[in-house]
Amino acid sequence: MVLRIYNTLTGKKEEFKPVEEGKVKMYVCGMTVYSDAHIGHARTYLAFDIVRRYLEYKGYKVTYVQNITDVDDKIIKSANERNMDPLEYSRYYTERCLSDMDALGIRRADIYPKASEHIEDMIKMIEKIIENGYAYVSGGDVYFSVEKFKDYGKLSKQKIEEMKAGARVEPGEKKRNPLDFALWKSAKPGEPKWQSPWGEGRPGWHIECSVMSTKYLGVPFDIHGGGQDLIFPHHENEIAQTEAAYGDGFANYWMHVGLLKVKGEKMSKSLGNIIPIRDAIKMYDPEIIRFFFASMHYRSPPNFTEEALDNARKSLEKIYRVYDLLRYYKKRNIGDEDEEVKEFIKDLEKGFEEAMDDDFNTPMAMKVIFEFIDKINNKLKEKPLGPETSRAAQEALRKVCNVLTLLQDVKEPDINPDEIKSLLEKYGLEVEAKSAEEGVDILLKRREDARKEKDWGTADSIRDDLKKIGIEVEDTKSGAVWYIKRRF
RNA sequence: GGGCGGGUAACAAAGGGGCUAUGUGGUGGACUGCAGAUCCACUUACGUGGGUUCGAAUCCCACCCCGCCCUCCA
C-alpha cells in the first residue's frame, strides 16, 4: 500500500517516494531552549513521533534529526537577566526539555544538533549564498535579499508585493528591503559571538536549520516538519536560503502540525495559559496525554481541556481492559482457539494501514482499533479464547497501538503478594499460593463456591476486597475472570 | 487588508456525490443473585442561501461566523 502525505508546499496529498529506497530522512524544527518545554511542543513532537513510528512500521529505516536552538535573542535575554552565561543557560534547558519529552513517553530523535556547534558550517553556507548573489553584507550584518529569490513565498502561498505592505524595518537594521532577513548579525555587547569574515557576530535564526538539516540528511531529504506557526517566515526563509545555496530541491515533503489550544484559546505568554509538560503530567498520566493527541489528526488544532483529557482516559481504559483480559486468557488455557479472530486481526491490520497511509489519519486508526475491541468483546461474551488466539490478538493490538505511542513498554501489572496473602488468610484459605496470581485464582474459586451456596455476602466481600487492591473481577458465562486495572 | 484552514449530532472528532465513522455522555434493553464491565438499540449530524446532479454533508457560487499566519513562537 502507498503512503500519501499532505505536502504544505503543494497543498495536496502526495504519494510518498523517499529519496533513497527503504530510507526516510526527516528533520523537525526543535525547541529554542530558554524555558521549560510545554504541551504545545509535546503536541508537535508526539505527532512526528507517530510519523516516525509508522514509517518504521512500514519497514523504512528512518533518520530523524531535530535541532536545538541554543543561540537566540530570548536565550540571551533570559540568561543575562539571571547573570548566567547564555550557552550554559541553554545547556541547562536543553537537558530539562529533553527529559520532559522523555517523561511524556516521546521517543528521542536520532540526532540533536545544536546551533552553537555549527557556526563554522553556517558561515560557509552564508558565504556560498553571498557568492551566488542572494545576500549582501551591510555594516557587519549579512542579509538575504528576498527580491533576488523568485520563488519566495511558495510555501506560505504569499506574494512578495503583498507582503511588503505589512513589513517594517526596525530601527538600527541595515536592510535594503524590509522583507530581507538576517543571515548574520554583528555582535552587540554582552552577547555570545563568533569570528566571521564579516567581523564578530552570531548567526540569524533561520540559517541553522538550513545548515544542520542538509549536513545530516543531505540535499534533498524527505520530510521537513514543524508547527504550523513555522510556515512563515521560518520555513519560507529556510527554503530561500537553502535553494540559494544549493539550487532547487531542499525537502520533498513539508508537514505542519496544527497548533494546540488551551480551553479554546491560543496558548501564549500574553494569555498566561502556557502549560509546561512538567505540570501537565502531574495532572494527567503521560499515556492519557498521548492518547489525546493521537486521537486527533495531526493537522487539526487540538483543544486541551479537562473534559477532553477525561474522555481520553476512559477510552484508554477500554483498550487496556481488553488487552489485560487477553493476557488473562493467554496464560490460562481455558478456551478454544478461534479462526474468526484471525480474520479480526487481519481486518485490524488492514484498516490500520489504510488509515495511516492516508496522511497519518490517526482518528481513523483509532476507529479501527475500537472496532477490533468490539469484536473481541463480542467473542469474549460468548466464550473464553485459547492461549494462542489470545496471544495473537493481544500482540496485534499492541503492535498497532505502539505506532500511536500507546501500550508502549506495557509491564505486566504487579500485585502485592502480601495483600493477597492476607486476603487468603481472611477467607480461611490455608493453601500456599505459589504466586500472587495463583492466590487470586484461589480466592476466586472460593468466591465461586460461595456463589453456588448463594452466600452473596462472602462472594461480594471477596470481590470488593480484590477491587480495593486494584483487581477487577468480571463474571462471564464460563466463570469469573480478572485483571489488574491500570491506574491513570 | 493579504494568505491558509475550518464550521459535522449533547460533547469531542474522522469522512467527503448514493454505503453504521468512532470515542465519551444520555435513554432504553440484554446479561448478572447484585454491582461494575460488556453487548444491542436509540440519542432531530453535517453554518446559511442558491446552483450542478437521478441523488449533495460531500462538487460549484455567494454570504455569515471561527481559528491561525502576515512580529518571536512547536
Side-chain angles (χ1 to χ4, degrees), chain A residues 8 11 28-32 34-35 37-48 66 69 72-74 77 153 155-159 161-168 170 179 205 225-234 236 256-261 264-269 274 291-292 295-297 299-303 305 307-319 321-322 325 351 355 358 361-371 373-382 450-452 454-457 459-460 463-464 467 472-477 481 483 485:
Chain A
T8 307
V28 174
C29 286
M31 285 174 280
T32 301
Y34 71 106
S35 62
H38 55 68
I39 50 173
H41 293 118
R43 192 279 190 280
T44 295
Y45 302 124
L46 186 89
F48 284 108
Q66 193 181 307
T69 299
D72 167 272
D73 289 346
K74 291 187 293 295
K77 189 166 172 274
L155 184 72
S156 55
K157 317 268 188 281
Q158 299 179 95
K159 293 188 180 72
E161 308 83 65
E162 276 152 10
M163 284 189 271
K164 277 182 190 165
R168 271 193 312 230
E170 295 295 323
L179 290 177
W205 173 37
Q228 264 165 4
D229 52 338
L230 296 183
I231 295 173
F232 189 88
H234 185 54
E236 196 70 71
H256 292 97
V257 177
L259 298 188
L260 182 81
K261 291 184 290 185
E265 288 179 311
K266 177 185 168 168
M267 193 169 69
S268 73
K269 271 232 171 82
I274 288 179
F291 183 97
F292 168 67
S295 64
M296 221 90 51
H297 187 88
R299 281 190 279 125
S300 303
N303 192 7
T305 64
E307 198 189 7
L309 273 290
D310 237 38
N311 200 323
R313 179 177 47 74
K314 287 173 194 156
S315 305
L316 189 59
E317 276 173 357
K318 191 171 169 141
I319 297 176
R321 175 184 160 275
V322 166
L325 278 179
D358 183 17
N361 193 334
T362 53
M364 186 61 88
M366 289 284 190
K367 173 208 150 154
V368 174
I369 290 169
F370 281 108
E371 277 173 351
I373 286 173
D374 229 44
K375 286 188 257 186
I376 296 293
N377 276 330
N378 265 309
K379 215 29 129 178
L380 254 24
K381 193 173 67 173
E382 298 306 321
R451 291 181 77 203
K452 273 180 198 140
K454 296 199 192 300
D455 175 5
W456 309 126
D460 290 352
R463 187 175 61 194
D464 291 347
K467 198 184 176 94
E472 285 285 323
V473 177
E474 287 191 24
D475 292 319
T476 73
K477 279 181 181 171
V481 297
Y483 65 94
K485 186 150 185 186

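Below, all heavy atoms of this structure are taken into account, side chains as well, without hydrogens, waters or symmetry copies. Labels below follow one simple rule: chain letters A, B, ... track the order of the sequence lines, proteins then strands, and each chain is numbered from 1. On a predicted model such as this, the values are computed, not experimentally measured, just so you know.
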Most 5' of A/G30 and A/S295 on RNA chain B, judged by nearest nucleotide
A/S295

Just checking A/H234: base, sugar-phosphate only, or nothing, at a heavy-atom cut-off of under 4.0 Å?
nothing

Between B/C40 and A/N377, counting only base atoms on the nucleotide and side-chain atoms on the residue, is there a donor-acceptor pair under 3.5 Å?
no

Assess the residue pair A/R313 and A/E317 against the criterion (salt bridge (Lys or Arg N to Asp or Glu O under 4.0 Å)); give the C-alpha distance rounded to whole Å, side-chain angles, the decisive distance to 0.1 Å, and a yes or no.
CA-CA 6 Å; A/R313 179 177 47 74; A/E317 276 173 357; 3.8 Å; yes

I'd like the P distance from B/C4 over to B/A10, given in whole Å.
33 Å

Only pairs with both distances under 3.5 Å count, Watson-Crick or wobble alike; so what is the partner of B/C63 in this structure?
B/G47

For the C1' atoms, the ones on B/G26 and on B/C59, what distance do you get once it is rounded to whole angstrom?
36 Å

Contact check, side chains of A/R321 and A/I373, non-hydrogen atoms, under 4.5 Å:
no

Partner nucleotide, any strand, of B/G1 [Watson-Crick/G-U, under 3.5 Å]:
B/C70

Can you measure A/M364 atom CE to B/A21 atom C1' for me and round it to whole angstrom units?
6 Å

Side chain of A/M296, heavy atoms from C-beta onward: which of B/G33, B/G36, B/A13 has the nearest atom to it?
B/A13

A/D464 CG to B/A35 C1', straight-line distance once rounded to whole Å:
9 Å

Does B/G23 have A/F370 stacked on its base, where the ring centres are within less than 5.5 Å and the planes differ by under 30°?
no

Under 4.0 Å protein heavy-atom contacts per nucleotide of nucleotides 3-10 of chain B, with B for base, S for backbone only and - for none
S-------

Can you tell me how far C1' in B/U32 sits from the matching atom in B/C39, rounded to whole Å?
13 Å

Counting heavy atoms from C-beta on, name the nucleotide in B/C69, B/A37, B/G23 closest to the side chain of A/D229.
B/C69

Who does B/A13 pair with, Watson-Crick or G-U, both distances under 3.5 Å?
none

May I ask you to test the A/I319-A/F370 pair for a side-chain heavy-atom distance under 4.5 Å?
yes

Check if the side chain of A/D460 and the base of B/G33 share a donor-acceptor pair of N or O atoms closer than 3.5 Å.
yes

side-chain contact (heavy atoms from CB on, under 4.5 Å) involving A/H256 - partner list, sequence neighbours excluded:
A/T8, A/L155, A/Q228, A/I231, A/H235, A/W254

Minimum side-chain heavy-atom gap A/Y34-A/K77 below 4.5 Å
no

Work out how far the P atom of B/G16 is from that of B/C60, and round it to whole angstrom.
14 Å

Nearest listed nucleotide, side chain of A/D475, among B/U38, B/A35, B/C68
B/A35

Distance between the C1' atoms of B/A56 and B/G50, in whole angstroms?
13 Å

B/C40 OP1/OP2 closer than 4.0 Å to side-chain N/O of A/K381
no

Between B/G49 and B/C64, how far is it from one C1' atom to the other, in whole Å?
10 Å

In whole angstroms, the gap separating C1' of B/U71 from CG of A/D73 amounts to 12 Å

Applying side chain to side chain contact (heavy atoms under 4.5 Å, CB included) between A/M296 and each of A/P301, A/P302, A/P363, report the one that passes.
A/P302

Which nucleotide wins on minimum distance to the side chain of A/D358, given the candidates B/A14, B/G23, B/G16?
B/G16

Rounding to an integer number of angstrom, what distance separates B/G6 and B/A41 when you compare their C1' atoms?
33 Å

OP1 or OP2 of B/C69 less than 4.0 angstrom from a side-chain nitrogen or oxygen of A/K266, does that happen here?
yes

Tell me the interatomic distance from A/N311, atom CG, to B/G25, atom C1', rounded to whole angstroms.
9 Å

In whole angstrom, give the distance that lies between atom CG of A/L325 and atom P of B/G36.
18 Å

Is any side-chain heavy atom of A/D475 closer than 4.5 Å to a side-chain heavy atom of A/R451?
yes

Looking at the side chain of A/R321, which of B/A37, B/G25, B/G33 is the nearest nucleotide?
B/A37

From the candidates B/A14, B/C34, B/A37, the one with an atom nearest any side-chain atom of A/P363 is B/A14

Nearest heavy atom decides the nucleotide; on that basis, is A/P233 or A/K367 closer to the 5' end of RNA chain B?
A/K367

Whole angstrom is fine here: how far is it from CG in A/D310 over to P in B/U24?
12 Å

Rounding to a whole Å, what distance do you find between A/I369:CD1 and B/U24:P?
14 Å

Where the side chain of A/R463 is defined as all heavy atoms beyond and including C-beta, which of B/G33, B/U38, B/A74 is the nearest nucleotide?
B/G33

Which of these nucleotides, B/C39, B/A74, B/A14, is closest to any side-chain atom of A/L260?
B/A74

Would you indicate which nucleotide in B/C72, B/U38, B/G36 comes nearest to any side-chain atom of A/K74?
B/C72

Looking at every strand, decide which applies to A/S300 at a 4.0 Å heavy-atom threshold: base, sugar-phosphate, or nothing.
sugar-phosphate

Please work out if A/E474 contacts a base, only the sugar-phosphate, or nothing of the nucleic acid, heavy-atom cut-off 4.0 Å.
base

Quick check: does any side chain N or O of A/R43 sit under 3.5 Å from a backbone N or O of A/G258, one acting as donor and the other as acceptor?
yes

So, does A/N361 get its side chain near the phosphate of B/A13, meaning an N or O under 4.0 Å from OP1 or OP2?
no

Between A/E472 (side chain) and A/Y483 (backbone), is there a donor-acceptor pair under 3.5 Å?
no

Rounded distance in Å between the C1' positions of B/G29 and B/C61:
48 Å

If you look at every strand shown and take non-hydrogen atoms under 4.0 Å, does A/G40 touch a base, only sugar-phosphate, or nothing?
base

